[in-house]
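Order of the sequence lines sets the chain letters (A, B, ...), proteins ahead of strands, with each chain counted from 1.
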Amino acid sequence: MFRQKIDQLMWQRHRRILFAIALLTLLGMLIGSFVALHTVVADHGTHQMVNVGLIKQWRPYNGTYFSAYSMWLLLAAWLSGLVVMHLDLRDHFNQFLFSSGYSRKRIYWSKLKVTWSVLLLLNVVATAVDYLIFWWGTPHGYTWTIAWPGVLTSWLVGAIMSLGLFAITWFASIIVGQSGPLVITVAGFTISLAGFSGIGDTILTRGLFKLTGDQAMWVGLIVWLIAALVLFVWGAALYQHLSLEHNGEYLLFPRLRVPVYIVFVLYMTLIFSWSAVDGVSAIVAFVLSALFGYAWLWRPRLGEQWHQWRERKQG
Amino acid sequence: MTLQVTGLSKQINDRQIIQDINFEWAPGEIIGLVGRNGVGKTTLFRTMMNHYIAEAGQVSIDGEAIQQVPQRQQQLFFIDTQYNFLSTYRLWELPRFFGAVYSRFDEQRYTALLQQFKLDANSQYRRLSKGMRALVNLILALTSNATYIILDEPFDGLDVIVRENIATMVIDEVADQQKGFLISSHDLNELDGLSDRVLLLKDSRLAHDYNLEDIRARAKKIQLVLNDKVIPDVIKQQSQLIRVSGRVLVVVISDYTPAVDQKLKALHPVLFEELPLTLEDLFRANLAHDTGYQMIK
């Protein structure tokens with residue numbers, strides 16, 4: 001499957017978990033598709049699985065019963081970025097990789113190449129399977145129509161969204177060293193992006209730029225893609241300096257603690273106070289996020305102090 | 001062909017763990033690395049292997065720094081006994097990983113050695129006993145055919161049979177001068193008879209680099225029985241008392257010259273017998289005062 005030895009090593013290492021993710025994705029899609037085929041029959045308002053007018057437009061298609069790019073593929077990308085990078089740290093495979101005689105640069109890009117080869121293959125196979133299910137399974141008397149404009153646009157937009165989600169979990173797994181807190185951090189950040197995209201949409205359509213909805217979507221996607229590429233390159237630079245003595249700590253790069261804290265406080269304050277009309281919301285959001293961020297990032301030290309205080313009290 | 005460690009330093013959480021470590025290591029040598037618990041032996045290995053990024057210094061093989069020429073690292077083998085990825089894999093799966101990294105990995109020999117030591121290839125690494133894991137680590141080290149092999153506490157907690165097996169395999173392996181071993185231990189007895197050189201880590205620095213052959217050539221361990229219970233001045237001045245039991249004295253003389261020999265024989269001892277000199281005796285006699293080394297007896 002892979003010609004270079006380093007790629008073969010990565011494949012050997014990650015094939016099981018990637019296979020599990022692929023299986024989960026296919027299973028999720030199968031269930032989703034069958035449920036959609038079943039529920040459409042109960043809907044007496046339509047006999048169309050796909051809105052013919054919309055699928056023929058150069059826009060991503062995501063209808064009530066059929067999505068041209070499955071949400072399961074987004075989840076697969078999000079999960080892959082998380083597990084491929086984090087499991088090597090958690091299972092101490094990084095120790096083996098770092099003493100393998102391959103440069104860290106090669107290790108990093110090979111890991112990315114192998115993971116994305118699998119994800120692209122999964123994209124193609126899963127999409128084909130999904131379409132086939134709808135093609136064969138559409139109930140008698142119902143129509144299922146697809147058209148290249150909707151399919152291609154959906155696939156392009158979906159692939160870019162997958163890449164961005166992958167980049168977020170991938171990058172987070174490079175800098176965060178604890179499994180539970182990592183999942184909480186990236187899940188929280190991913191959910192918060194919904195609010196952030198709302199802010200972006202407001203700026204682009206009603207703020208300075210007055211763009212149309214489609215234009216704002218494409219600008220957002222380009223920013224998303226650039227952000228993903230920046231995260232990949234930044235991740236490569238950090239990976240080069242990853243020293244494993246901080247394994248098991250929340251931040252694998254202790255010097256990032258203060259920058260992460262500042263970004264976290266500003267980001268959370270912005271999210272929670274954007275639509276507020278008074279300054280009180282901003283102050284409350286700032287104080288709460290500053291306190292929470294401090295407790296979260298400095299919690300080992302706070303935990304130690306708590307234990308010391310408790311022991312003193314008991315002793 | 002040599003491996004050279006030059007000025008290697010590593011800090012962890014603002015604490016200097018190893019500082020300015022320098023030594024050379026050639027194939028055919030078995031080097032012991034000793035030092036008290038927590039002195040930085042494992043940190044030295046991890047820094048040498050690029051698990052930890054060094055603050056300063058480098059490791060080079062045949063003049064090429066492994067940071068600049070990473071392929072050189074394939075000549076260096078180390079399994080971290082505390083943090084390794086082997087746990088979830090079965091023994092038959094391991095050659096796939098090591099074969100992808102060590103170009104001269106000998107899978108046939110790996111299988112043969114597993115059979116020789118009655119290790120089931122279908123066993124999961126984590127299900128093995130501590131001794132079996134140590135054996136598997138050594139088998140992987142030997143079959144990797146790397147030139148420089150680092151073993152971190154390979155005898156720790158093992159029974160005498162496994163210890164002997166490991167020691168024998170190491171000695172056999174260096175016989176053709178193609179491989180070298182760097183073995184850490186906090187127990188000097190383990191390294192006795194195995195090492196050619198001993199590096200002593202103290203206070204985060206490499207305090208001494210001893211050539212044991214040179215030291216052994218100069219030193220002697222003598223058992224004496226004297227006529228009276230008073231310890232003569234010559235013994236007090238020239239030797240280190242290892243044991244006193246009534247009139248029986250066991251001493252180590254670090255620089256055994258003909259003059260010392262004459263002085264001792266002039267005491268007309270009832271018994272004068274040379275005993276085998278161990279590495280522990282040497283450290284106890286010569287170096288304990290300046291090494292701070294904790295003797296184990």
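- In this structure, a donor-acceptor pair under 3.5 Å is present between the side chains of A/T185 and A/Y250.
- For residues 120-153 of chain B, a heavy-atom distance under 4.5 Å to chain A picks out no residue at all.
- Heavy-atom distances place the side chain of A/H246, and not its backbone, under 4.5 Å from chain B.
- Checked against salt bridge (Lys or Arg N to Asp or Glu O under 4.0 Å), B/D106 has no partners two or more places apart in sequence or in another chain.
- More than 12 heavy-atom neighbours from other residues, nucleotides or ligands sit within 6.0 angstrom of CE on B/M169.
- For residues 69-104 of chain B, a heavy-atom distance under 4.5 Å to chain A picks out B/P70, B/Q71, B/Q73, B/Q74, B/Y83, B/N84, B/F85, B/Y89, B/E93, B/R96, B/F97, B/F98, B/G99, B/A100, B/V101, B/Y102, given by residue number.
- For A/Q240, the part lying under 4.5 angstrom from a heavy atom of chain B is the backbone only.
- Contacts of A/L97 with chain B are absent, with no heavy-atom separation under 4.5 Å from either backbone or side chain.
- Side-chain contact annotation: A/D7 with A/S110, donor-acceptor N/O pair under 3.5 Å present.
- Heavy-atom neighbours of chain A within the stretch residues 1-16 of chain B, taken at a separation under 4.5 angstrom, comprise B/K10, B/Q11, B/I12, B/N13.
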Can A/K5 and A/Y102 be said to form a side chain to side chain contact (heavy atoms under 4.5 Å, CB included), step by step?
-> CA-CA 10 Å; A/K5 279 211 161 182; A/Y102 295 107; 3.3 Å; yes

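- Residue A/Q12 touches chain B through both its backbone and its side chain, counting heavy-atom pairs closer than 4.5 Å.
- At a 4.5 Å heavy-atom cutoff, the contact between A/R104 and chain B is made by side-chain atoms alone.
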